[in-house]
Asker: 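Please see the structure below; I have some questions.
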Number of protein chains: 2
Amino acid sequence: MTEYERVLISFKEILKENGLKFTTQREIILKTLYQNSGHFTPEELLSLIKESYPTLTIGIATIYRTLGLLEKSNIIESISFGAKGKKYEFGTKEHHDHLVCLECEKLIEFYDDTIERQQEVISQKFNFKMTGHSMNIFGICQECQDKKYKK
Amino acid sequence: MTEYERVLISFKEILKENGLKFTTQREIILKTLYQNSGHFTPEELLSLIKESYPTLTIGIATIYRTLGLLEKSNIIESISFGAKGKKYEFGTKEHHDHLVCLECEKLIEFYDDTIERQQEVISQKFNFKMTGHSMNIFGICQECQDKKYKK
DNA sequence: GTTAGTGCAAATCGTTTGCACGGTT
DNA sequence: AACCGTGCAAACGATTTGCACTAAC
């Protein structure tokens, strides 16, 4: 069984448990996020789906509704860009955080054990029941630093 | 000289250096953020100012413009709530991160040396020129956990 | 057949902008 | 006097919602 099949089954179970329906749109959105690793805004995702499935009618509202559902189900994750909206990505096997380049808006993923562990320590200190976290380091990526000197 | 006086002078210097003007509105916004420790949305700040200075006319646009200015000047800091906007706080002496309660939306501040240091390590690993970061731990605060059991 | 999901357009919310007037330098 | 800052309202972009219709169960 592929990873995608496993995720699909678990999504269907979540739907059933909550009296929700498994629709073509929901399947396509999930599949598209799975097949295209990367970070997408809802609009980007809509364009991608429309290109890939020209005969499917699908609206931006459904994208938003489904993304919300998938996020609550812990199948996908989002990262916020302030007033500039959110980007979504398939919730990969292992959690990671991001380096955000302020020049080219690129996201670089990283995973760091020390930080993960320290979060637990901090939560305990405040008797805080941690359900998630986001850690973003802002700055300029190597590529953009290089470009600057070439100008 | 009080801390506020020092900040005010440095703000005035930044304004002068950039050919900008020191206005009543800018002063009131800075003073209000300084005097009211806490995290405010632009709208909340506007209400607070209107209550405190009933004779002053001030619009939401000025709040946004001044908050942007103060943030670029490193006098205040912001934390983003995705599509739900940003909250601003006076840039206290030492940097800190936040525990965000998903139940009551309260922010709890913390400072953790291990995390701060580890960020430098990660940035170096990716040849990333770090200019800032945000780390938010999401979950349920102790108060809200208690409430849940009392219901 | 019942109920939830959909697309569409309108509505909403936070934020930004154009403009004529007023305040600071 | 020159020029920036202001309030106001309109504009904007991301997201949400109401509704009649359609599809999943």
Side-chain angles (χ1 to χ4, degrees), chain A residues 8-9 11-32 39-50 53-73 76 78-88 105, chain B residues 8-9 11-32 39-50 53-73 76 78-88 105:
Chain A
L8 189 59
I9 288 173
F11 183 40
K12 283 183 179 173
E13 271 168 15
I14 291 171
L15 291 174
K16 188 168 284 180
E17 279 166 21
N18 293 281
L20 305 174
K21 290 166 180 171
F22 182 70
T23 65
T24 309
Q25 286 84 346
R26 284 178 178 167
E27 182 176 11
I28 298 290
I29 290 169
L30 177 58
K31 188 185 280 179
T32 303
H39 308 81
F40 302 96
T41 63
E43 291 287 355
E44 286 166 355
L45 192 56
L46 179 63
S47 308
L48 187 55
I49 290 174
K50 280 185 169 169
Y53 306 86
T55 57
L56 180 74
T57 66
I58 183 167
I60 190 68
T62 297
I63 301 281
Y64 275 101
R65 286 186 278 230
T66 301
L67 287 175
L69 185 58
L70 287 168
E71 190 174 16
K72 269 197 294 183
S73 306
I76 64 172
S78 73
I79 158 171
S80 170
F81 284 77
K84 287 174 186 168
K86 280 180 170 185
K87 288 189 177 179
Y88 292 85
E105 306 224 311
Chain B
L8 189 59
I9 287 173
F11 183 40
K12 283 183 180 175
E13 272 169 14
I14 292 169
L15 291 175
K16 187 168 285 180
E17 279 166 19
N18 292 282
L20 304 175
K21 289 168 181 169
F22 182 69
T23 65
T24 309
Q25 286 85 346
R26 285 178 177 165
E27 181 175 12
I28 298 291
I29 290 169
L30 177 58
K31 188 186 280 179
T32 303
H39 308 80
F40 302 97
T41 64
E43 291 287 353
E44 286 166 354
L45 192 56
L46 179 62
S47 307
L48 187 55
I49 289 174
K50 279 185 170 170
Y53 306 87
T55 57
L56 181 73
T57 67
I58 183 167
I60 191 67
T62 297
I63 301 282
Y64 276 101
R65 286 185 278 231
T66 301
L67 287 174
L69 185 58
L70 287 168
E71 191 173 15
K72 269 197 293 183
S73 307
I76 65 173
S78 74
I79 159 172
S80 171
F81 284 77
K84 287 174 186 166
K86 280 181 169 183
K87 287 189 179 180
Y88 292 84
E105 306 224 310

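Naming: A, B, ... by sequence-line order, numbering from 1 per chain.
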Asker: For D:dC4, take OP1 and OP2 only and decide whether either is under 4.0 Å from a side-chain N or O of B:T23.
Answerer: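 False: B:T23 side-chain N/O out of range (4.0 Å or more) of D:dC4 OP1/OP2.
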Asker: On the nucleotide C:dT16, are OP1 or OP2 found under 4.0 Å from the side-chain N or O atoms that B:Y64 carries?
Answerer: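 Answer is no, no contact under 4.0 Å.
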Asker: A:K21 NZ to D:dA24 C1': how many Å, rounded?
Answerer: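 About 5 Å, once rounded to whole Å.
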Asker: 5'-most contact on DNA chain C: B:F22 or A:Q25, nearest heavy atom basis?
Answerer: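 Its nearest nucleotide lies further toward 5', so the answer is A:Q25.
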Asker: In whole angstroms, how far is the C1' atom of D:dA14 from the CG atom of A:L67?
Answerer: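 Taking CG of A:L67 and C1' of D:dA14, I get 13 Å after rounding.
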Asker: Supply the atom-to-atom distance B:L45 CG to B:Y64 OH, rounded to the nearest 0.5 angstrom.
Answerer: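 Taking CG in B:L45 and OH in B:Y64, the distance rounds to 10.5 Å.
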Asker: Using whole Å, what does the distance between atom P of nucleotide C:dC19 and atom CZ of B:R65 come to?
Answerer: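 The answer, rounded to whole Å, is 14 Å.
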Asker: Flag the pair B:I28 / B:I58 as yes when at least one side-chain heavy-atom distance between them is below 4.5 Å, and no otherwise.
Answerer: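 The answer is no, as the side chains (C-beta and beyond) never meet within the 4.5 Å cut-off.
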Asker: So A:E71 and A:K86, do their side chains get closer than 4.5 Å, heavy atoms only?
Answerer: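 The answer is yes, as the side chains (C-beta and beyond) meet within the 4.5 Å cut-off.
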Asker: Do the side-chain N or O atoms of B:T24 get closer than 4.0 angstrom to the phosphate oxygens (OP1, OP2) of C:dT24?
Answerer: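 So the side chain of B:T24 is within the cut-off, an N or O lying under 4.0 Å from OP1 or OP2 of C:dT24.
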Asker: Are any of the side-chain heavy atoms of A:T32 and A:Y53 separated by less than 4.5 Å?
Answerer: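 Yes; the side chains approach each other to less than 4.5 Å.
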Asker: Check the distance between C:dT15's C1' and B:E44's CD and give it to me in whole angstrom.
Answerer: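 So the two atoms are 15 Å apart, to the nearest Å.
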Asker: Classify the nucleic acid contact of A:I60 as base, sugar-phosphate or nothing, counting any heavy atom under 4.0 Å across all strands shown.
Answerer: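 No contact.
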Asker: For C:dG5, take OP1 and OP2 only and decide whether either is under 4.0 Å from a side-chain N or O of A:R26.
Answerer: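 True: A:R26 side-chain N/O within range (under 4.0 Å) of C:dG5 OP1/OP2.
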Asker: Do A:K86 side-chain and D:dT15 base share a donor-acceptor contact under 3.5 Å?
Answerer: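 Donor-acceptor pair under 3.5 Å: no.
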Asker: What's the CG-C1' distance between A:L20 and D:dA23, to the nearest Å?
Answerer: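 Computing the A:L20:CG to D:dA23:C1' distance gives 14 Å.
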Asker: If I take atom CG in residue B:L69 and atom C1' in nucleotide C:dT16, what distance separates them, rounded to the nearest angstrom?
Answerer: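 For the pair B:L69 CG and C:dT16 C1', the rounded distance is 16 Å.
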Asker: Between A:E43 and B:A61, name the one whose nearest nucleotide on DNA chain D is closer to the 5' end.
Answerer: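 Comparing both residues, the 5'-ward one is B:A61.
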Asker: Can you check the B:I58 CD1 to D:dA9 P distance for me, whole Å?
Answerer: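 Atom CD1 in B:I58 sits about 16 Å away from atom P in D:dA9.
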Asker: Does any part of the side chain of A:F40, heavy atoms only, come nearer than 4.5 Å to the side chain of A:I76, both counted from C-beta?
Answerer: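 Not touching, per the 4.5 Å side-chain cut-off.
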Asker: Atom CG of A:L56 and atom P of D:dT22: how far apart are they, to the nearest Å?
Answerer: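 Going from A:L56 (CG) to D:dT22 (P), I get 16 Å.
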